[in-house]
Amino acid sequence: MPTMFYNTLSHSLAEFIPLVPGPDSADPLRGAVIRMYSCGPTVYDYAHIGNFRAFLFADVLRRYLEFRQARVQQVMNMTDVGHMTDDAVADGAGQDKLQLAVEKMKATKKSGQALVADPNNPFQVADFFAAAFLADARALGLAVVADYDRADDAAAREVVMPRPTRHIDDFIQLIQRLLANGHAYVAADGVVYYDVGSFGAYGKLSGNDLSRLAHGAGGRTNSQAAKRHPADFFLWKPDRAHLMRWNSPWGEGYPGWHIECSAMAMHFLGESLDIHTGGEDNIFPHHECEIAQSEGATGKEFARCWMHTRHLMVNGEKMSKSKGNFFTMGDLTGKGYDPLVIRYALICTRYRETTNFTLQSLHEAAAAITSLRDLADKLTRTVAAVDEAAGDGDTAGFAGVEPGRTAAHAVLLAADEAAMIDEFSQAMDDDLNISAALAALFTWANPLAKKGKLDYPTARSGLAALRRVDHVLGVIFPPLRALPPVIQKKVDALMHQRLQARKSRDFTASDALRRELAALGVDVQDTPAGSTCRPRLAPPV
RNA sequence: GGCCGGAUGCCCGAGCGGACUAAGGGAGCGGAUUGCAAAUCCGCGAUUCGUGGGUUCGAAUCCCACUCCGGCCUCCA
């Protein structure tokens, strides 16, 4: 079955064929090199789970392509240029968002918790939130951040998650190119604008057309004398008062908010990309403008496939700051949810559906992950026991290699496993239908989990299959977060206390202790051999 | 006003013309086991797919109308 993705550009499902396909025409993904650009976070504040849903969608997409044996070069920007809160006239009005962040930082400093040394320094503020983003993203298992962490120096990291403030020269060059070929102009107010009228394809992504943009009820109608068309957007704005500003041929100022993605994507990935991802809100105007800038400059198709994820709702409502109904990672981990639970809850529905996020969905996720992890444990123990007895230490072959890439692929799968992998893959080929893919996984996993004793070939094959799907899912094999040492001490003490209570058959005390332990984040299980405990993925209900 | 999506059991969510007596997950209920516990195991929950028409031998799946919900058109993932 061909790999079908919904392409916002064509408004339809179409087979995805890489620009540089692999050698096998029957399976163009295998061995392909796929260049993918993902619109990343702005680092003016903590990212919320709605943001992370979009990044996780890109992550699952990338991981699935790797599952299919493609090599993916993914670039995700971290926007640290202070863009404007009120860009309604496509002209940089309102307040600088980084300026707002700086004000907030100053406020927290006054209240005694200094988050950065100098809250007046926008670069420090941006660095602070960039670090916070990376920490959250690591916990969620974003592969692009793993790449970033593996990069050995700052320059190498820059390739993976570039920061616009370090690419101002690229922006200037791109703007000069657009000026030279007539797609941009310097207006009477000294601002450099993109001339949308010069780019006939403007609107091809979003379905907007210029006449409607000029006259529609949805804003952007403000006439600005300096611009040729109301939809013209600025590329560079001279402004000596702006918080972050740089020298340019058009005076000291700052870049427009669309130029960074065009410039950095082309800088690192070339003039044509395979896939460009983002949230649905990026379609217009951001991605529309990216296309105009990039294709206006190069004359080549900028991105072959545009993929957008729908918004996340919280408790049935759109997330918004005024309602205060958004969660950050810290909010949820603080309540006792493991990041892997959050990951699962955010990836387990198809990216093109509006999804409603609730705390209940986290508990469902915890239950689902727990059963898969229990199966993985059982398979691992079975394999390890035999390998140990045989003395070949072969289990290292599983642990040491990046999952999904080599070792797991090298293990020949039994018929059941192969069928599951095939079904999983077919579902994902259908525009990343992860619900159906998960159904295939559970349908295979449940009987295996219920079987009492497994033979070695079954366990080994099952483990390899689980590792392969988990290369996409990323929730079965990554370690859970560790209990803080202080809590661990308490847990040990309570477990001991409980053992005493059970010895004297004081089950009331034993159960009370179980609840205490649950509140601390561990689940207790009693077996004939004694009591054990393990970390909980979610707090008790 | 323009342009898009969506409505499936208690909840989430697949299915997109015949294998649907509707996947999978969660919650619930009954039983086994147990400490009248936790964990585990076995079993049970939609004659029905927003409403009304239509097409068809056959519709959750196609067409029309209606109702409701959501998104974008403006900073947002």
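Heavy-atom basis, side chains included; hydrogens, waters and symmetry copies ignored. Source: prediction; values computed, not measured.
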What's [X] touching, base or sugar-phosphate or nothing? Going by heavy atoms closer than 4.0 Å.
X      : result
A:N356 : nothing
A:S510 : base
A:S361 : nothing
A:D511 : base
A:D374 : nothing

Distance in angstrom units between [X] [atom1] and [N] [atom2], rounded:
X      : N     : atom1 : atom2 : value
A:K318 : B:G71 : NZ    : C1'   : 8 Å
A:D59  : B:A77 : CG    : P     : 18 Å
A:W257 : B:C75 : CH2   : P     : 6 Å
A:R350 : B:G13 : CZ    : P     : 12 Å
A:L517 : B:A37 : CG    : P     : 20 Å

- I would like to know whether A:Y254 and A:H242 meet ring-ring contact (aromatic ring centres under 6.0 Å, His included); could you show each step before the answer? CA-CA 8 Å; A:Y254 63 100; A:H242 198 73; 3.6 Å; yes
- Under 4.0 Å between a side-chain N or O of A:N433 and OP1 or OP2 of B:G13? no
- Task: Tell me whether A:F507 is stacked on the nucleobase of B:G35, counting only the six-membered base ring and applying the 5.5 Å and 30° thresholds.
- Result: yes
- Pairwise 5' ranking along RNA chain B for A:A449 and A:E353, keeping only the more 5' one: A:E353
- Message: Please give the stem ranges for RNA chain B, sorted by first residue number, where a stem is three or more consecutive Watson-Crick or G-U pairs and both donor-acceptor distances are under 3.5 Å.
- Response: B:1-7 with B:67-73, B:10-12 with B:24-26, B:28-32 with B:40-44, B:50-54 with B:62-66
- Going by the angle between their ring planes, with limits at 30° and 60°, are A:F16 and A:F5 parallel, tilted or perpendicular? tilted
